[in-house]
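Counting begins at 1 with the first residue of the sequence.
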Amino acid sequence: MTAPSQDPAAVATAPPVPGPPPATPSRAGAAPEALAKAYKPYRILAYVVGVILVVLVLVAVPLKYAAGVPQLVQTIGPVHGVLYIVYLLATFNLATKAKFSPGRTILIMLAGTIPFVSFVAERSVTRELKPRLTGAVTER
């Protein structure tokens, strides 16, 4: 005699277990909460890296070559370099959650190397993700 759990007839007639349907991956990307958690650091870093790059290129480098004052470049240059690496990680994290194409991801990553472009890229990303965030991130 077989145990009730091993009886093929009992298994075939067992009622379905109530609950939510199994999760299926979405083509739209991660849930709004996960997307919001990735979006906020990206946005902060896009602005910080952008501002530091503008100061480096428009203030520190001219001071170095026109006035012979290299200290600002020696200070701001490495700070931008470290923050740019963190920006790359935040961008990659957001891109994987938002399911950006590889080309778009690379362009957004490169935005931190050209003055003012990180601001443009951030606005573009915000415009695209705002409907998907569905109120998880509030604009100021």
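Within a 6.0 Å radius of OH in Tyr47, other residues, nucleotides and ligands contribute more than 12 heavy atoms. Shown here is Phe92, whose CZ atom has no more than 12 heavy atoms of other residues, nucleotides or ligands within 6.0 Å.
Cluster annotation: Val120 is not connected to Ile114 through the hydrophobic network of ILVMFWY side chains, with a link wherever side-chain heavy atoms come within less than 4.5 Å. Hydrophobic clustering keeps Leu53 apart from Leu89 (ILVMFWY residues linked when any side-chain heavy atoms are closer than 4.5 Å, directly or through intermediates). Hydrophobic clustering keeps Leu107 apart from Leu129 (ILVMFWY residues linked when any side-chain heavy atoms are closer than 4.5 Å, directly or through intermediates). By the criterion of side-chain heavy atoms lying less than 4.5 angstrom apart, applied directly or through intervening Ile, Leu, Val, Met, Phe, Trp or Tyr residues, Val117 is not grouped with Leu94; the two fall into different hydrophobic clusters.
Ala60 approaches Ile76 most closely through the heavy-atom pair CB-CD1, 4.5 Å. Closest heavy-atom contact between Val57 and Val61: O-CB, 4.0 Å. Here the closest heavy-atom approach between residue Leu56 and residue Pro62 is recorded as O-CD, 4.4 Å. Closest approach of Lys97 and Arg132 over heavy atoms only: O-NH2, 4.2 Å.
Without hydrogens or angle criteria, Thr126 side chain to Glu122 main chain gives a donor-acceptor distance under 3.5 Å. Side-chain atoms of Ser118 come within 3.5 Å of backbone N or O of Ala46 as a donor-acceptor pair.
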Donor-acceptor contacts, no H, no angles, side chain residues 77-88, under 3.5 Å, sequence neighbours left out:
{"unit_1": "Tyr84", "atom_1": "OH", "unit_2": "Met109", "atom_2": "O", "d": "2.8"}
{"unit_1": "Tyr87", "atom_1": "OH", "unit_2": "Ile108", "atom_2": "O", "d": "2.6"}

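Of the inter-residue distances, the one linking Lys40 atom NZ with Leu133 atom CG reads 12.5 Å to the nearest 0.5 angstrom. Residue Leu45 holds its CG atom at 7.5 Å from OG1 of Thr91, rounded to the nearest 0.5 Å. To the nearest 0.5 Å, atom NZ of residue Lys64 and atom CD of residue Gln74 are 7.0 Å apart.
Using a 4.5 Å heavy-atom cutoff, the side chains of Lys37 and Pro32 are not in contact.
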